[in-house]
**Student:** 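Structure in structure tokens, see below.
This chain uses plain numbering: 1 for the first residue, then up along the sequence. In each ligand, atom 1 is the first atom listed, and ligand 1 is the first ligand listed.
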Amino acid sequence: MDLQTLNEQFTNENVNFSNRGDDFTIVDIHNEHADASICLQGAQVISWTPAGEMPVIWTSDTAYYQHGKSVRGGVPICWPWFGAHAKDDTLPAHGFVRTQNWNLQSVQSLQDGSTVLMFGFDFSTGTYPWDSRSELTIKIIIGKRLEMYLQTQNNDEQAFNITEALHTYFRVSDVRQVTIAGLEDCRYLDKVDAFKEKKQNGKITINSEVDRVYLDTSNECIIEDSGLQRKIVIAKSGSLSTVVWNPWEQKTRLMKDMEPQDYLDMLCVETANAATNAITVNAGEAHTMSVAYALERF
Ligand code: TA6
């Protein structure tokens, strides 16, 4: 859908459409509470900045904005699998919906001044390694908080299993200075140590590559950033896994869509259902995973 059609179909004083690169369409939202941008590809939030605050979401300055390539940063939607595909390593990591265009279904302004956008994945736009009749939608609320509701609807006759994540990249002052509270005593799979199962001792600090899937936890997490004198509160529902990732120096050097020092400015705390927390969606039923981000002063 071209920019003019989008602007006509979704007339809203707080929403504008622009292109980045060739025809990579971005939805720009500006309301009294915050500014944000969302790519039609992947329905991927790539920025959220509450009024008067530093940006909360990190996106690489060298990210690709090319159809079919994942955008480094923001909130990639990993579905219908998180991480490597369980059986077929020729399939892309983190599923296939983050690199395809979603349909913008509606734009609404709420009484409180927030902006609500609904996106739906269009399974008819290609052949995907997924043969269950389903619907996938995400509701995104841009306001003093950033809220996302990812819903999977099973329209088939049989149940199916999914793993999923809202793979959020947060901006931090210096990843070596932040702590993550909320996962104390939780079990996790340590991807940088052959997926060994371990137990979190105290708050999480980052001083090397960290890639952990915390299991069986619906806890609220808090990124405590003394450098920016702020806390990012991450409150979730419908999610039993939390993934914490920072690629650190060596992995970052291998990534063409990150500058060598970028690992210091970002930290992923991902709301997920991964590994043994896979979700079974029964025929005719729906599952929603949601998360809300809010800022607090130190
Ligand atoms: O969520 C952490 C992780 O699974 C890491 O292992 C790393 O692969 C990261 O996701 C980024 O994956 P991507 O496919 O976006 O490069």
Side-chain angles (χ1 to χ4, degrees), residues 24 39 41-46 57-86 88-100 128-129 148 150 162-172 175 180 183 186-198 200 204 206 208-215 217 221 223 234 236 239-260 262-278 289 291 293:
F24 205 93
C39 303
Q41 175 175 287
Q44 185 168 343
V45 174
I46 52 171
I57 299 294
W58 179 89
T59 298
S60 171
D61 291 341
T62 54
Y64 302 116
Y65 291 95
Q66 293 162 21
H67 285 297
K69 270 185 168 304
S70 59
V71 174
R72 178 68 59 195
V75 186
I77 297 173
C78 306
W79 192 96
W81 64 84
F82 171 79
H85 188 274
D88 181 349
D89 58 10
T90 64
L91 293 172
H94 295 325
F96 53 83
V97 302
R98 63 172 173 164
T99 56
Q100 303 299 317
Y128 302 109
M148 293 174 282
L150 182 68
I162 57 168
T163 53
E164 58 185 348
L166 293 169
H167 191 300
T168 306
Y169 290 69
F170 292 97
R171 173 176 293 279
V172 294
V175 77
I180 303 166
L183 294 168
C186 291
R187 288 184 311 121
Y188 66 90
L189 302 178
D190 187 349
K191 193 168 172 183
V192 298
D193 188 7
F195 285 96
K196 276 191 199 129
E197 184 174 312
K198 301 178 180 177
Q200 180 58 38
I204 301 166
I206 312 283
S208 61
E209 180 186 354
V210 168
D211 196 346
R212 303 174 186 172
V213 180
Y214 289 83
L215 295 169
T217 171
C221 289
I223 299 174
I234 302 165
K236 64 176 190 174
S239 156
L240 283 178
S241 315
T242 295
V243 180
V244 177
W245 178 58
N246 182 282
W248 207 248
E249 187 170 7
Q250 189 185 357
K251 277 272 170 68
T252 300
R253 285 191 184 286
L254 298 174
M255 293 156 78
K256 294 190 175 59
D257 52 1
M258 284 181 78
E259 300 284 6
D262 278 351
Y263 71 95
L264 294 172
D265 301 335
M266 52 69 67
L267 171 63
C268 284
V269 177
E270 306 160 33
T271 298
N273 286 299
T276 50
N277 292 139
M289 176 172 77
V291 69
Y293 304 137

**Student:** What residue and atom, counting heavy atoms only, is the protein's closest point to atom 12 (O) of ligand 1, and at what distance?
**Tutor:** H94 NE2, 3.5 Å
**Student:** Show which atoms of ligand 1 fall inside a sub-4.0 Å distance from at least one heavy-atom site of V243.
**Tutor:** 1 (O)
**Student:** Taking heavy atoms and a distance under 4.0 Å, where does M255 meet ligand 1: side chain, backbone, both or neither?
**Tutor:** neither
**Student:** Under 30°, 30 to 60°, or over 60°: which ring-plane class applies to H94 and F82, parallel, tilted or perpendicular?
**Tutor:** tilted
**Student:** Any nitrogen or oxygen of H167, side chain or backbone, less than 3.5 Å from one on ligand 1?
**Tutor:** yes
**Student:** Indicate yes or no: at least one non-hydrogen side-chain atom of L264 is less than 4.5 angstrom from one of D262.
**Tutor:** no
**Student:** Can you find a non-hydrogen atom of K251 under 4.0 Å from ligand 1?
**Tutor:** no
**Student:** Suppose I only count heavy atoms of E270 and a 4.0 Å limit; which atoms of ligand 1 are within that range?
**Tutor:**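 Answer for ligand 1: 1 (O), 2 (C).
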**Student:** What is the closest protein heavy atom to atom 5 (C) of ligand 1, and at what distance does it sit?
**Tutor:** D211 OD2, 3.2 Å
**Student:** Taking the side chain as C-beta and beyond, is there a heavy-atom pair between H85 and T90 under 4.5 Å?
**Tutor:**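 Result no, sub-4.5 Å side-chain heavy-atom pair not found.
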**Student:** Pick one of side chain, backbone, both or neither for how M258 approaches ligand 1, counting any non-hydrogen atom pair under 4.0 Å.
**Tutor:**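 Neither; nothing of M258 gets under 4.0 Å from ligand 1.
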**Student:** To the nearest 0.5 Å, what is the distance between OG1 on T271 and CE on M148?
**Tutor:** 7.5 Å
**Student:** Going by side chain to side chain donor-acceptor pair (under 3.5 Å), name the residues that satisfy it together with Y263, two or more places apart in sequence or in a different chain.
**Tutor:**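 Counting only residues at least two positions away or on another chain, Y263 forms no side chain to side chain donor-acceptor pair (under 3.5 Å).
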**Student:** For residues Y65 and H67, establish whether the separation of their ring centroids is below 6.0 Å.
**Tutor:** no
**Student:** Which of the atoms in ligand 1, numbered in the order shown and given with their element, are less than 4.0 Å from a heavy-atom of R72?
**Tutor:**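 Those atoms are 11 (C), 13 (P), 15 (O), 16 (O).
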**Student:** Among protein heavy atoms, which lies nearest atom 14 (O) of ligand 1, and at what distance?
**Tutor:**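 Closest protein heavy atom to atom 14 (O) of ligand 1: R98 NH2, 2.9 Å.
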**Student:** Could you verify whether a donor N or O on one side chain and an acceptor N or O on the other, from Y293 and T168, lie under 3.5 Å apart?
**Tutor:**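 There is such a pair (donor and acceptor under 3.5 Å, judged by atom type) between the side chains of Y293 and T168.
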**Student:** Can you name the atoms of ligand 1, numbered from 1 with element, that are less than 4.0 Å from a heavy atom of F82?
**Tutor:** 1 (O), 4 (O)
**Student:** Would you say K191 and ligand 1 have an N/O pair spaced under 3.5 Å apart?
**Tutor:**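 Such a contact does occur with ligand 1.
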**Student:** Under 3.5 Å, is there a donor on one side chain and an acceptor on the other for Q200 and Y188?
**Tutor:**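 Short answer, no.
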